A.B. asks: 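My questions all concern the structure below.
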Amino acid sequence: MHPYHPPDVDIPGFAANEKSVPALLVTFGGTLGFIVLGAAFLARKFNRQLSNGELALFCWFFMNACLHCVFEGYFILNHATLASSQSLLAQLWKEYALSDSRYLTSDIFMLSVESITVFIWGPLCLINAISIARKRSNPWRHPLRIIASVAHLYGVALYYATSQSEFYFTGRSHSRPETLYFWVYYFGLNFPWAVVPTFILFDSVKTVVRVFRNIDEAEGILREVGLDLYGDGAKKQVEAKKMR
């Protein structure tokens, strides 16, 4: 017997966790926090011009890189044996699976979306973190943030939509009904990936729009004084300078 929903779901080889939930959370949270804060310390030391907001963004993307590549990567590599394993990450997945048993059944959707997350979005988040730490004026920082944020928003939308659609149309729920498992684990632990990327996306799009608006205004002013940056006039001026 197992504690997962729906009750008739087949989970071969299930073994109950040996560690308590507080022990799992303290160990995992402490390790992740130490790694992220350590990376933030190194980033600030490497680039002392980083503002607090940029440092927070660095921590967000670096944390995502760790979660996607390591935690979710473990799921991709070990999904067939999670139910029987007693490793730290396996026990964490078994605890979370109380809110979504698809993680213990090698569900095709979960394997597909998590594979994309591990092999594409995880490295992209690491690239985002590096771009923030390396140079404040990196021209790629906003395109990279926009791509990663859209990916996170799309991923969490698919995650919520697939399970809730199945429940709506078939009545089958993959989450236990208790508040802890549905509202805290299933909804609450994933909700930051709907909120934070929205703010990042809004800020980056606003910045890009402002830059292009300034460029358009500058081009208008230059045209008014007789200088066309992209027209025949500009080409003739460049050719005239070459002939001098």
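In what follows, residues are counted from 1 in the order of the sequence shown. Every value quoted in this text rests on a predicted model; they were computed, and no experiment measured them.
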A.B. asks: Sub-3.5 Å donor-acceptor pair from the side chain of Gln86 to the main-chain atoms of Glu18, do we have one?
C.D. replies: yes
A.B. asks: Please list, chain by chain and in numerical order, all residues satisfying side chain to side chain donor-acceptor pair (under 3.5 Å) with Thr105, sequence neighbours excluded.
C.D. replies: none
A.B. asks: So, using side chain to side chain donor-acceptor pair (under 3.5 Å) as the criterion, who are the partners of Asp203 when residues are at least two apart?
C.D. replies: none
A.B. asks: Which value, rounded to the nearest 0.5 Å, describes the distance between Glu95 atom CD and Ser20 atom OG?
C.D. replies: 9.5 Å
A.B. asks: Please identify each residue that fulfils salt bridge (Lys or Arg N to Asp or Glu O under 4.0 Å) with Asp8, with sequence neighbours left out.
C.D. replies: Arg172
A.B. asks: Any ring-ring contact (aromatic ring centres under 6.0 Å, His included) pairs touching residues 8-40, not counting sequence neighbours?
C.D. replies: Tyr4-Phe14, Phe28-Phe71
A.B. asks: Can a side-chain donor-acceptor contact be found between His5 and Ser101 if the only test is distance below 3.5 angstrom?
C.D. replies: no
A.B. asks: Just to verify, what does Ser149 make a side-chain contact (heavy atoms from CB on, under 4.5 Å) with, not counting sequence neighbours?
C.D. replies: Pro197, Ile200, Leu201
A.B. asks: Does atom CZ of Phe167 have more than 12 heavy-atom neighbours, drawn from other residues, nucleotides or ligands, at distances under 6.0 Å?
C.D. replies: no
A.B. asks: Indicate every side-chain donor-acceptor pair of residues 121-129 with a distance under 3.5 Å to a residue at least two apart or in another chain.
C.D. replies:
from: Asn128; atom 1: OD1; to: Arg145; atom 2: N; distance (Å): 3.2
from: Asn128; atom 1: ND2; to: Leu124; atom 2: O; distance (Å): 3.1
from: Asn128; atom 1: ND2; to: Leu144; atom 2: O; distance (Å): 3.2

A.B. asks: Tell me every residue that passes ring pair (Phe, Tyr, Trp, His ring centres under 6.0 Å) with Phe62, counting only those two or more places apart in sequence or in another chain.
C.D. replies: Phe58
A.B. asks: Nearest 0.5 angstrom please: Leu42 CG to Leu37 CG, how far?
C.D. replies: 11.0 Å
A.B. asks: Working note: Phe202 + Lys206, criterion side chain to side chain contact (heavy atoms under 4.5 Å, CB included); need CA distance, chi angles, decisive distance, verdict.
C.D. replies: CA-CA 6 Å; Phe202 176 78; Lys206 184 175 67 174; 4.2 Å; yes
A.B. asks: Are Tyr160 and Phe187 close enough that their ring centers fall under 6.0 Å?
C.D. replies: yes
A.B. asks: Mind checking whether Val9 and Met110 sit in one hydrophobic cluster, side chains of I, L, V, M, F, W, Y counted as touching below 4.5 Å?
C.D. replies: yes
A.B. asks: Applying side-chain contact (heavy atoms from CB on, under 4.5 Å), name anything that partners Ala194, two or more places apart in sequence or on another chain.
C.D. replies: Val156, Phe191
A.B. asks: Test of understanding: with side chain to side chain donor-acceptor pair (under 3.5 Å), list the residues that count as partners of Trp193, not counting sequence neighbours.
C.D. replies: Asn64
A.B. asks: Below 4.5 Å, heavy atoms only, C-beta onward: do His68 and Val118 meet side chain to side chain?
C.D. replies: no
A.B. asks: I'd like to check the side-chain contact (heavy atoms from CB on, under 4.5 Å) partners of Asn52; sequence neighbours left out, ordered by chain and number.
C.D. replies: Arg44
A.B. asks: Listed by chain and number, what are the side chain to side chain donor-acceptor pair (under 3.5 Å) partners of Thr81, not counting sequence neighbours?
C.D. replies: none
A.B. asks: Within the 4.5 Å heavy-atom criterion, are Tyr181 and Asp100 side-chain neighbours or not?
C.D. replies: no
A.B. asks: With sequence neighbours excluded, what pairs up with Leu189 under the side-chain contact (heavy atoms from CB on, under 4.5 Å) test?
C.D. replies: Tyr96, Tyr185
